[in-house]
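For clarity, every value in this text was computed on a predicted model and none was experimentally measured.
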Amino acid sequence: MSQGTPVLTRFARYLPKAAVAVTAALALTACGGGSDDSGSEGSKDPKGGSSSGAFPVTVEHKYGSTKIDKAPEKVVTLGLSDQDTVLALGIKPVGSVDWFKERPYGKWPWTKAKWGSETPQIVGERDEFNMEKIASLKPDLVIAQYSGMKKEQYETLSKFTKVVAQPKGHPDYAAPWKVMTRQIGKSLGKDAETEKLIKGIDARFKKVRTEHPEFAKMTLAVADSFEAGKYSAFTKTDPKAIFFEEFGFKLKPEVDKLAQPGMNAAELSAEKLSVLDTDRLVWVTSSTEADERIQGEALYKKLKVHQEKRDLFVPYQGPDIGAAFSFNTVLSIPYAIDEILPLLTAIK
């Protein structure tokens, strides 16, 4: 993908959109129904999964609850970053979505070793799922956490497999990473392994806060821009903002006040750039041209955060720093910490 392609901004500023229409002639003959309450015994997951003792489990989600009777062997993930947690728990999804033609497998440095030579089938792009393709894979379980899956899509999928939809009680794309991780872990019958992963990540963040208590005294904002005169600042529910908040930084409440309801970012004109005048400002951009355009904006030049060189321009990919804290998963967080911390501490 060319450096100038605004892949980052399409993901980072993504908001739920209308679900794609589902054709009525789907061949939904693969597996049992998603709301089945039968009590069959679980079995050992051949891919390093759970013992039968973990099942059955019932997982509550946005569209109700799903009872999973035995350890899933074939899993399809429909969220942008869902595959990371499934991989971390020792299972390679047989299907995954390709949000921006970035290949959700094998690309990111934090997942390459997990995938190895195996790659999933692409079963859709963003929230447009290829139901026939998913059905043809005969999955035991479909997971959609960081997703905008609609109820009609959930109901269609539930006709032929078990489905765990987005966490209840949170807007789409706004559930905390721990919530989504635990949802996935429970669905796979791997609660203990999941808690171990979360504990490890918590320890990494705690180490950063302990070694850098100065972060707690600073405000921070995360922003992007893919078009001249248009900027976005991310709210407290966005994974990127959450990542830096766990470093100890304070987020500016003004950003959330400027955001429209249900949006993960506040849209800013150049005249509103003053909201970004924080102690630390992280831009996640897709090209050096974008960096230069932002820094060339007359009103941006007036901000102290820029004049005092406290702004940081981070690439989404090449290296994949921005992608790592945008995903904000149990696999990507360690990589993100290792890459971004030296850049932050270099700012005086």
Side-chain angles (χ1 to χ4, degrees), residues 16 18-47 49-50 52 54-83 85-87 89 91-99 104-105 118-168 172 180 183-190:
V20 64
V22 180
T23 53
L26 292 175
L28 306 179
T29 58
C31 305
S35 58
D36 178 18
D37 286 335
S38 62
S40 60
E41 289 295 318
S43 60
K44 180 76 174 179
D45 183 345
K47 298 183 179 180
S50 309
S52 59
F55 293 90
V57 296
T58 299
V59 185
E60 295 185 352
H61 50 74
K62 181 177 181 178
Y63 299 123
S65 63
T66 298
K67 184 178 180 182
I68 304 167
D69 300 306
K70 60 182 181 179
E73 297 181 11
K74 298 177 71 177
V75 178
V76 168
T77 60
L78 299 182
L80 171 77
S81 54
D82 295 354
Q83 68 276 356
T85 302
V86 177
L87 282 167
L89 290 170
I91 296 175
K92 297 178 183 180
V94 296
S96 183
V97 290
D98 191 356
W99 273 46
Y105 52 85
E118 297 181 43
T119 58
Q121 295 289 312
I122 300 302
V123 296
E125 185 175 337
R126 287 173 67 157
D127 292 335
E128 299 180 3
F129 312 136
N130 186 327
M131 298 297 186
E132 290 179 312
K133 186 69 173 289
I134 296 172
S136 72
L137 294 174
K138 299 184 178 181
D140 304 309
L141 177 66
V142 169
I143 292 172
Q145 295 299 290
Y146 197 83
S147 165
M149 183 171 65
K150 304 303 179 183
K151 187 175 183 181
E152 55 267 34
Q153 293 172 307
Y154 168 78
E155 291 173 344
T156 298
L157 289 164
S158 295
K159 292 177 182 178
F160 62 89
T161 190
K162 307 288 185 177
V163 186
V164 175
Q166 304 94 301
K168 70 175 184 178
D172 292 348
M180 294 188 289
Q183 286 280 94
I184 293 172
K186 185 174 184 179
S187 302
L188 300 177
K190 299 191 175 190

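Summarising the geometry of Leu89 relative to Gly185, their closest heavy-atom pair is CD1-CA, 3.8 Å, with the distance given to 0.1 Å. In terms of heavy-atom proximity, Tyr63 sits nearest to Ala165 at CD1-CB, 3.6 Å. Across all non-hydrogen atoms, the minimal contact from Gln145 to Ile143 is CG-CG2, 3.8 Å. Listed here is the closest heavy atom pair of Pro93 and Pro120: O-CB, 3.4 Å. Taking each heavy atom of Val163 and Met149 in turn, the nearest pair found is CG1-CE, 3.9 Å. Closest non-hydrogen pair, Gly79 versus Ser147, comes out as CA-CB, 4.0 Å.
With a 4.5 Å cut-off on side-chain heavy atoms, Tyr146 and Asp82 count as touching. Residues Tyr154 and His61 meet the side-chain proximity criterion, which asks for heavy atoms closer than 4.5 Å. Looking only at side-chain heavy atoms (C-beta outward), Pro139 and Val75 stay at 4.5 Å or farther from each other. For the pair Val57/Lys67, no side-chain contact is recorded, criterion being any heavy-atom separation below 4.5 Å from C-beta on. Taking the side chain as every heavy atom from C-beta outward, Thr85 and Met180 never approach each other to under 4.5 Å. The shortest side-chain heavy-atom distance between Ile68 and Val164 falls under the 4.5 Å cut-off. Residues Leu157 and Leu78 have side chains in contact (heavy-atom distance under 4.5 Å, counting atoms from C-beta outward). Within the 4.5 Å cutoff, no side-chain heavy atoms of Ile91 are placed close to those of Pro72.
The side chain to side chain donor-acceptor pair (under 3.5 Å) test applied to Glu155 returns no partner, not counting sequence neighbours.
Separating the CZ atom in Phe160 from the OG atom in Ser136 is a distance of 9.0 Å, to the nearest 0.5 Å. For the atom pair NZ (Lys138) and OG1 (Thr161), the distance works out to 12.0 Å, reported to the nearest 0.5 Å. Residue Gln183 holds its CD atom at 9.0 Å from NZ of Lys168, rounded to the nearest 0.5 Å. A distance of 10.0 Å separates CD of Glu60 from OG1 of Thr66, quoted to the nearest 0.5 Å.
Using a cut-off of 4.0 Å between Lys/Arg side-chain N and Asp/Glu carboxylate O, Asp140 and Lys70 are scored as not salt-bridged.
A side-chain donor-acceptor contact under 3.5 Å links Gln153 to the backbone of Asp127. Listed for the Lys186 side chain is a donor-acceptor partner under 3.5 Å among the backbone atoms of Thr58.
A side-chain N or O of Asp172 and one of Gln166 form a donor-acceptor pair less than 3.5 Å apart.
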Checking side chain to side chain contact (heavy atoms under 4.5 Å, CB included) for the pair Val97/Glu125: CA distance, chi angles, key distance, verdict?
CA-CA 5 Å; Val97 290; Glu125 185 175 337; over 6 Å; no

Would Lys162 and Asp69 count as a side chain to side chain contact (heavy atoms under 4.5 Å, CB included) if you check the C-alpha gap in whole Å, the side-chain angles of each, and the deciding distance to 0.1 Å?
CA-CA 10 Å; Lys162 307 288 185 177; Asp69 300 306; 3.7 Å; yes

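With a 6.0 Å radius and a threshold of 12 heavy atoms from other residues, nucleotides or ligands, Lys133 has its NZ atom above the threshold.
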